[in-house]
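Below, chain A is the first sequence line, B the second, and so on; all start at residue 1.
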Amino acid sequence: LRKNVEDFTGPRERSDLGFVTFDITADILNGKNGLQTFWNKNALIIFDWNVKQLFLYLSAEYSTKNNALNQVVLWDKIMLRGDNPRLSLKDMKSKYFFFDDGNGLKGNRNITLTLSWNVVPNAGVLPLVTGSGHVSVPFPDTYETTKSY
Amino acid sequence: WPRSGGIRGGAGMDLFGDLRRMNKRQLYYQVLNFAMIVSSALMIWKGLIVVTGSESPIVVVLSGSMEPAFHRGDLLFLTNFYDDPIRAGEIVVFKVEGRDIPIVHRVIKVHEKGNGNIKFLTKGDNNEVDDRGLYKEGQNWLEKKDVVGRARGFLPYVGMVTIIMNDYPKFKYALLAVMGAYVLLKRES
């Protein structure tokens, strides 16, 4: 799971707004032996008969002076059973505005981006799973006023 | 010797009285049976409320704003433990102040202070925009007190019965009448 990020922040009203572009490479079916085929019953299969879909989301987690814990979902995707379980997205812009509650993004060195998903079964329990691998992203100390987003 | 003539006469009146008495006893028994069933159902429901910590541990999805995960008529099982933190990606059922109808959507933003104070924003998977338009006027965030519960499990279609009963009240009354009649008239052999 690898993500590359270029970023700059800009203030909107009185809150920091962060801009992040990222790549996502993920293999949702990865079992112990590496790549597994979709129907291999010996693998650690996430898409089994009871899984209707996965709701994937990329969230940024960080702490600021104002708030001990902040989590913002930047991007999400619904992966239905039968869709290609390998993601290879490049240069994605965040789907949702990355507003902080306050001005905690400027100079924040440690924003952690993680990919997680919600398993939606045909019937039964609804677990939330966090993928392995995450990326830490620092935000610069200054604002940029021109936005070519 | 056939007893068909037994209805008339002194001995016959006793038999009739017997029948009527037996029917009354049977009736009381049936009513008590019915009351027990209702009480047990209530106890189970209250027990669920206690065990899950949620005021409404089982809810029916009413709108399509969480499709394709949940459709109208699906049943959701909730828990609402106080110590469970609210995190991005979770599916919560919440009530907007002043509105009766709970809403099932996903948490997309969380800001938590050191003292445990949490405010969060939700959005339906199938909606283009977040829920700020649904909140009370001037309200930008939800808090723990607005949460009815967190969705932990789900069953498809089963809740359709509730929706039909809501949309067609005659159906609800008919169903209750049939259930009532069944319980009262059912004879234990």
Answer yes if [X] and [Y] sit in the same cluster of Ile, Leu, Val, Met, Phe, Trp and Tyr residues linked by side chain heavy atoms under 4.5 Å apart, and no otherwise.
X         : Y         : value
Val59(B)  : Ile103(B) : no
Ile164(B) : Val60(B)  : no
Ile49(B)  : Phe77(B)  : yes
Val50(B)  : Val148(B) : no
Ile91(B)  : Val93(B)  : yes

Exercise. When only pairs under 4.5 Å are counted, which of Ala151(B), Gly89(B), Gly114(B) shares the most heavy-atom pairs with chain A?
Worked result: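 Of the options given, most contacts go to Gly89(B).
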
Other residues, nucleotides and ligands only: do more than 12 of their heavy atoms fall within 6.0 Å of [atom1] on [X]?
X        : atom1 : value
Lys46(B) : NZ    : no
Phe81(B) : CZ    : yes
Leu32(B) : CG    : yes

Counting only non-hydrogen atoms closer than 4.5 Å, does Pro121(A) touch chain B with its backbone (N, CA, C, O), its side chain (CB onward), both, or neither?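 When you check distances to chain B, atoms from both the backbone and side chain of Pro121(A) fall under 4.5 Å.
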
Point to revise | Val120(A), part contacting chain B, at a heavy-atom distance under 4.5 Å | key: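 Just the side chain, heavy atoms under 4.5 Å.
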
Review point. Roughly how far, to the nearest 0.5 Å, is CD1 of Ile86(B) from CG of Leu69(A)?
Key: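 If we round to the nearest 0.5 Å, Leu69(A):CG and Ile86(B):CD1 are 11.5 Å apart.
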
- Item | Taking every non-hydrogen atom, the tightest pair across Gly153(B) and Leu126(A) |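 Gly153(B) and Leu126(A) have their closest heavy atoms at N-CD1, 3.9 Å.
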
With only heavy atoms counted, which part of [X] is less than 4.5 Å from chain A, the side chain, the backbone, both or neither?
X         : value
Val158(B) : neither
Pro85(B)  : neither
Leu121(B) : neither

Which N or O donor-acceptor pairs, by atom type, sit under 3.5 Å across chain B and chain A?
residue, atom, partner, partner atom, Å
Ala69(B), N, Gln53(A), OE1, 3.3
Ala69(B), O, Lys52(A), NZ, 2.7
Ala88(B), N, Gln71(A), OE1, 2.7
Ala88(B), O, Tyr57(A), OH, 3.2
Arg106(B), NH1, Asn118(A), OD1, 2.9
Arg106(B), NH2, Asn118(A), OD1, 3.4
Ile108(B), O, Val73(A), N, 2.8
Lys109(B), NZ, Phe97(A), O, 3.1
Val110(B), N, Gln71(A), O, 2.7
Val110(B), O, Gln71(A), N, 2.8
His111(B), ND1, Asn70(A), OD1, 2.4
Glu112(B), N, Leu69(A), O, 2.7
Glu112(B), O, Ala68(A), N, 2.8
Glu112(B), O, Leu69(A), N, 2.9
Lys113(B), NZ, Asn66(A), O, 3.2
Lys113(B), NZ, Asn67(A), OD1, 3.2
Lys119(B), NZ, Asp101(A), OD1, 3.1
Lys119(B), NZ, Asp101(A), OD2, 3.0
Lys123(B), NZ, Tyr96(A), OH, 3.3
Arg152(B), O, Leu126(A), N, 2.7
Phe154(B), N, Gly124(A), O, 2.7
Phe154(B), O, Gly124(A), N, 2.7

